[in-house]
Engineer: 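Let me give you the structure first, and then I'll get to my questions.
As the structure lists them, so they are numbered: ligands from 1, and atoms in each ligand from 1.
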Amino acid sequence: MTDTPQTPDWLQSGYDRIWMPYTQMQTAPLPEAAVRTEGTRIHLSDGRELIDGVGSWWAACHGYNHPHIVEAIRDQASKLPHVMLAGLANEPAFTLAARLPEALGLPPYRAFFSESGSVSVEVALKIAAQYWHNKGETKRKKFLCFRGGYHGDTFATMSLCDPVDGFHAAFQGVVPGQLIADLPEDDTTEAALADLLDREAATLAAVIVEPLVQGAGGMLFHDGETLKRIRKLCDTHGLLLIFDEIFAGLGRLGGMLAGGLADVRPDILTLSKTLTGGTLPLSATLASEDVFQAFQSNRLEDCLMHGPTFTGNALACAAANASLDLFESEGRLAQVQALESAMLPTLEACRGMPGVQDVRGKGAIGVVQLDIGGFDELVWLRGRFVEEGVFIRPFTNIVYLTPAYNIAADDLARLTDAIIKIVPEWAAKFGKK
Ligand SMILES: *Cc1c(COP(=O)(O)O)cnc(C)c1O
């Protein structure tokens, strides 16, 4: 018999060479070595098993290794993993483009594929800017975004994130400044936005918003009325409206699109995260037929000036097609409703506990907002959750769940039980009242 090593060889040697995301590597504990996933379980190299509450940055919406997606990837890999999309067509990408609008409850929109959420937002910005350029309106170059928003980590998308809470304070001045406003959640903020647009609309290409929930900004929810107000103001000022549905779309809030739940349609929208069920990097930027028409002419320079190497990657698109299948074949949206009605009332047990500021959620998002005093408290909470056998990763001032839509009831209970148990431990340890 051979002993299973407690720590695999590659962990420390790799840690000494890899650059981890959003991690202070001098003080961070070594990450857990994940060696296998299955459903909502993450298996670690030392034999421990974690129940996953995060879905790997909100992406693994059918759980890990769903056989239908795995088979689609395997099948596609043996036939045609990738060919460039200029001059060559591949079946998964064309099928995905053709089926996406109907699956999302939209009229025909055009789909442009890239490989990350940030890039799909960049493409949305380029489409909006070039739309006006093609129409001969050359002064519309800026964008308006909202406080609390997050749209990615690349330079242009950083300029659209909340300047205070948006993770990117180090880059102020490096990125071009955009206009930022409060979400028009009531008459006062709506009037302020209307005033701002009266002054600035002629310089703006588009308004961008995360519809119904601002994720990385701290899981902040707003209602459909707010989106209706934004749509109305964009219409009166002749502005394009971009919905960044990268977090909120594809079932997370219980509908295929957050915009659909609010009955508001954007001119351009972005998808990523759950698009391949969290298996492969892929994103889509979808534009309305009206937007697309502005790029139709007999001049080459009017075409969309963008084309990442891996656009329309056949493997990723095959995974996305398989993921869309599952919404129908396994009744995913109904499962999100069931998840919501099991998760949110259970988390309510935290309301009123010392240090708990709020309990909120919608669809497959559950949030407990805490009076977090410092980064050491987040580190303690993260470690304590792993000890408890769950992968839950609080950030800023929230402990949250974004589990797979089809998580089993007992796994969900393990996640909510862990939160209900550990929040009071945190409060006692850090002296919360
Ligand atoms: C995650 C996220 C992005 C960025 O996507 P990446 O794939 O990480 O580049 C953009 N917008 C929203 C709303 C997101 O949640």
Engineer: Less than 4.0 angstrom from a charged side-chain N to a carboxylate O is my criterion; do Arg384 and Glu387 meet it?
Structural biologist: yes
Engineer: Keeping the roles fixed (side chain from Trp132, backbone from Ala205), state whether a donor-acceptor pair exists under 3.5 Å.
Structural biologist: yes
Engineer: Give the residues near ligand 1 by chain and number, with the criterion being a heavy-atom distance under 4.0 Å.
Structural biologist: Trp58, Ser116, Gly117, Ser118, Tyr150, His151, Gly152, Glu210, Asp244, Ile246, Phe247, Lys273
Engineer: Between Asp325 and Arg99, is the salt bridge (charged side-chain N to carboxylate O under 4.0 Å, His left out) condition met? List the steps.
Structural biologist: CA-CA 10 Å; Asp325 294 342; Arg99 72 188 285 199; 2.8 Å; yes
Engineer: Taking only residues two or more places apart in sequence or in another chain, which ones pass side-chain contact (heavy atoms from CB on, under 4.5 Å) with Pro29?
Structural biologist: none
Engineer: Not counting sequence neighbours, which residues clear ring-ring contact (aromatic ring centres under 6.0 Å, His included) with Phe327? List them please.
Structural biologist: His62
Engineer: Would you give me the side-chain donor-acceptor pairs under 3.5 Å for residues 104-115, sequence neighbours excluded?
Structural biologist:
residue: Tyr109; atom: OH; partner: Pro266; partner atom: O; Å: 2.6
residue: Ser114; atom: OG; partner: Ser283; partner atom: OG; Å: 3.1

